[in-house]
Amino acid sequence: MVSKWDMTRPDLLISVTGGAEPMSLKSGLRNAFRRGLMKAAESTNAWILTAGTHAGVMKHVGEAVEQFSLTAEKDFVAIGIAPWGRVKHRDQLENIQGTTISYEILDGKSIESKPESYLDPNHTHFILVDDGREDYGGEIELRSKFERHISQWKSKYWTEDYPNVPVCLLVLNGGPGTLDTVKNGLALQTPTIVIKGSGRMADILADVAAEMKERNQKLKPNELDEIFRRHDKDFESKWFKQKDLDEIKLKKLESIRENVSDCCKNKELFSVYELKSYSSEDDLDSAILRSILKDNSKGKNTNKLLLALIWDRFEMVESYIAESAKTSPDDAIFDDLMKYAIKKNRLEFVEQFLNNDNINLEKLIKKETLAKLYQEEDLNKYQSDLKKYMGDYYQIPDLKTASKDPFYDLFIWAVLKNYFELSKVFLKHSNESSISACLFASDVLSKRSSKSKDRSKEEIEKSAEAYKQLSIDLLKQCYSSNRQKTHDILCMVRPEWGNTSCMFMAARSENKLFIAEPACQDLIKKVWRGLSNSGDTNKNRPKYEIVSHFCKSARFKFAMNIFSYAFFLVLFSYILVVELSQNFHWTEAVLLTWIIAFAFEELAQCLEIEAAGYLSMLSLYIKNGWNKMDLFALFLFIVGLVLRIVGRNHGDVMAAARIVLSLDLILYFFGVLHMYTVLERVGPKIVMIKKMVVQDLLLFIAILAVFVVSYAIASEAILYPNTELTWRLLFQLPRRAYWNIYGELFLDDIEGQKDCTNNASSYKDYNNLRCPSESGRYVVPILMGFYMILTNVLLLNLLIAMFSYTFKEVEEKTKNHASFQKFNIVLEYAQRPILPTPLTIPFTVIQIVRSIYMKCGKVEKKSTEFSRTYSSPDELTEQRKLIQWENAIITTYFDTAQRKEDVKGISRKDFEKLSTDISADIQKKLKFKGHGNVKTKHNRRIEKQELNTSANTNQETTSTEC
């Protein structure tokens, strides 16, 4: 079956047995059975086994498969083992190997009429048993052998030491034949679940089991017969043939009584499940798992743990984890269990494994486990995905070999799989920077969502926002503990996260929420004002050092650049208006020097970008809109200068040079807007202008063009028919329609002036006005009226509404936009030389040469205001302590968050005890991380909350210091 029919081996075999007679279930119970059965089949990759005919229980199973196949993400397998003698139209199925036939099922009562039944159309595979009989029963022996054979298979996820594929028998309705199936199943150690409420034999077994459990003894024959009659008044006529003698009937009845009692007394394998018409935690799939876990024949607790792991039923086997870890802590099964739990995103199992003291994490998280995870999920795909999402500037780690911190590799894997909660678990156990990790995850998933087009896009966006919020929460937690250390964390360069700092990661991903946080803004203000990174105030420093820091501050450089740029604009304007003639003037040489200085500054700014390749570096540079404008301005100046030199003695070329340079001056004036972004109230307005132009105005023009072009062509055709095609016509054609928008009506042209002419030679060159057609004088004004209503009233108000929406959208995020713009300005001017342009040329050339050597690896990367590298032994020790401090704060944050969830609704006394435990835990973790003797100026504060003892709400209060 596996090789010929290309079937996937199951992790569970659900054998459904019951009556072939019509079975009536209430709608709610029927839906509950179908839901539970298919939920178990879908979550466990199960095969469903029935008698396969379109009758009774088998029909209900088939309808369940059909109903849930429409919405399921995987195909179900329903196998029917049917008696050949009961198959209707079986002659059509003879000698059909390798061919396709049409097996038609007719509507009506004949479908379930005896002695034959149709095969159920919703089963996927059939095994037909021909033993010469024309009744049910002949297939029971083969079915038992089939179940026994499947139960000897090993699950596809595990080695030969692990449990076989479990088999579970579901009993619905039925008669004596069903009882024989149950008896054979129990004899083969098959867990059996009787569905109470399905009628007949199933309800008989359920009631007998309940009575025996209550009395703790067997029932008497008359008591059994009473239960038989309760559920089937005519059971004797249905269970026995009329030709049977009374003695034979009595022997059969005694056999049925004995079989019923024997089945019900098997407490380990026999269980009863009552169908409920509503969904609950105790659905049929849970009952199936419980029945298998009750089976002691399955052996060790690890085997039961494995089954629960496959079905994701942590609440049923939580105790097995601890017991299994104690009995076999070094068992190889935990390696595979952990790998499967990670791969299938079984969060509770992973947490329990990692938090269990009896399990060795070094043995649990092996290099081989990490390698298998990446190999099974296509390592090359993940490498290419990281490169595609992050670009070359992010130096991708070598995933083929596990790093020193395996949780770092697992975190990256979980992020790429979009397992948010699971990645938080690995982040908590990792020794790397948690804030950097969250920024990395947010950036990866944000870029991935922008390139995703399937239905997972929304889930990826949700996870990206969750990581972004988590990075902010962690930053707040650190900042409330120690401001200076938090600033060091923000500027610390981490090779594991692309050889960059948190500030640059947030800037490149345009994480404006993160940049707007007080921790980041305080750091930006320090750099802007030229304050020392050590946290010392000006009062503690000599005056010459204060002056030196002030002159090196971004604020001083920015002020100097304002005056320099203003002088440049005055000089450029003076040359264009006064001195731009055939003869060169000395002011033009000064202007050219200024432009050369601008070019060097842009080149230095581009080389300062951290990227693996020059193309990636250039693409990141061009990504900034201001840089695009600067490059275009330089290009226009070069074009204008060339035209200026070539056209000294050519008036037309000189005029072209003047036009190009005038346009270039406009762009440089726009550069003043870039300086305005440093102002908190003005900067966001520039963002509004950009969005209004790019998002709203261009779209509006595209819509407006439809009306302008259509009206222009229609009015021209009506007013001036049969016009000769010339280049001048293409210019004149949209002219009237365009200026109509601004209120210019051209009524004299439309209605005809006295000096107009109909002479083609006179109006051909548009030197004389052509007389309009007689019909055009009346039709075009009417057409223009409708045109003006649509454009001046409707579309113009549409544009105003679009602008209003954009204004409101940006205004709501004013703080984020202003903070992000301030950071970009501070970053740009912090890296500039002290002197203003154009005196910066020598310093900029040195900076360019150093950046090139740095790219080639000949010069060590230097620290900047927002990125600090740690290279010396003392610096590496300091870096390690910083990371330990961050991890201690982050671990406490996660633990406190978990405790807040756990303490909801507890009493004041219990809460006070918990507060003490939290305080002790924080002190213990910081001491463990190597900070037991470290004194900090800024003590960490755990959020204070007032305890409200109202009837419905208990709020927690914690106040501790570490």
Heavy atoms from other residues, nucleotides or ligands near [atom1] of [X] exceed 12 (cutoff 6.0 Å):
| X | atom1 | result |
| --- | --- | --- |
| Gln92 | CD | yes |
| Asp75 | CG | no |
| Lys218 | NZ | yes |

With the side chain counted from C-beta on, respond yes when [X] and [Y] share a heavy-atom pair under 4.5 Å apart, and no when they do not.
| X | Y | value |
| --- | --- | --- |
| Asp203 | Lys196 | yes |
| Arg230 | Asp207 | yes |
| Glu274 | Val272 | no |
| Thr17 | Val57 | no |
| Leu284 | Ile195 | yes |
| Glu223 | Ile227 | no |
| Val61 | Phe33 | yes |
| Met1 | Ile79 | yes |

To check you understand the geometry: which heavy-atom pair defines the closest contact between [X] and [Y], and what is its length?
| X | Y | value |
| --- | --- | --- |
| Ala64 | Arg34 | CB-CG, 3.5 Å |
| His123 | Asp120 | ND1-OD2, 3.0 Å |
| Pro10 | Val165 | O-CG2, 3.3 Å |
| Ala341 | Phe349 | CB-CB, 4.2 Å |
| Pro221 | Arg257 | CB-NH1, 3.6 Å |
| Cys263 | Leu179 | SG-CD1, 4.2 Å |

For this session: Quick one: sort the Trp153 and Trp47 rings into parallel, tilted or perpendicular, breaks at 30° and 60°.
Result: perpendicular
Can you tell me how far [atom2] of [Y] sits from [atom1] of [X], rounded to the nearest 0.5 angstrom?
| X | Y | atom1 | atom2 | value |
| --- | --- | --- | --- | --- |
| Leu347 | Ile342 | CG | CD1 | 11.5 Å |
| Glu214 | Leu219 | CD | CG | 10.0 Å |
| Thr50 | Phe126 | OG1 | CZ | 7.5 Å |
| Ser261 | Ile256 | OG | CD1 | 12.0 Å |
| Glu116 | His89 | CD | NE2 | 8.0 Å |
| Leu142 | Ile81 | CG | CD1 | 5.5 Å |

Test your reading of the model: is there a side-chain donor-acceptor pair from [X] to the backbone of [Y], 3.5 Å cut-off?
| X | Y | result |
| --- | --- | --- |
| Arg86 | Pro83 | no |
| Ser198 | Asn173 | yes |
| Ser255 | Lys251 | no |
| Thr124 | Ala78 | yes |
| Asn122 | His54 | no |
| Ser291 | Ile288 | yes |

For this session: For the pair Leu269 and Thr190, evaluate side-chain contact (heavy atoms from CB on, under 4.5 Å) and give the outcome as yes or no after the intermediate values.
Result: CA-CA 7 Å; Leu269 298 174; Thr190 301; over 6 Å; no
Between [X] and [Y], does any side-chain N to carboxylate O distance fall below 4.0 Å?
| X | Y | value |
| --- | --- | --- |
| Asp262 | Lys265 | yes |
| Glu141 | Lys145 | yes |
| Glu421 | Lys424 | yes |

For this session: Using distance alone, with no hydrogens and no angle criterion, decide if Ser15 and Arg143 have a side-chain donor and acceptor under 3.5 Å apart.
Result: yes
For this session: Mind running side-chain contact (heavy atoms from CB on, under 4.5 Å) on Arg35 and Phe68 for me, showing each step along the way?
Result: CA-CA 8 Å; Arg35 181 179 61 249; Phe68 285 85; 4.1 Å; yes
Exercise. Do Ile193 and Cys168 pass the side-chain contact (heavy atoms from CB on, under 4.5 Å) test, and can you show the C-alpha distance, the side-chain angles, and the key distance before you say yes or no?
Worked result: CA-CA 8 Å; Ile193 301 177; Cys168 179; 3.8 Å; yes
For this session: For Leu13 and Glu147, run side-chain contact (heavy atoms from CB on, under 4.5 Å): C-alpha distance rounded to whole Å, both residues' side-chain angles, the deciding distance at 0.1 Å, then the answer.
Result: CA-CA 8 Å; Leu13 180 64; Glu147 292 172 357; 4.0 Å; yes
Exercise. Checking side-chain contact (heavy atoms from CB on, under 4.5 Å) against Ile14, which of Leu37, Leu169, Leu49 comes through?
Worked result: Leu37
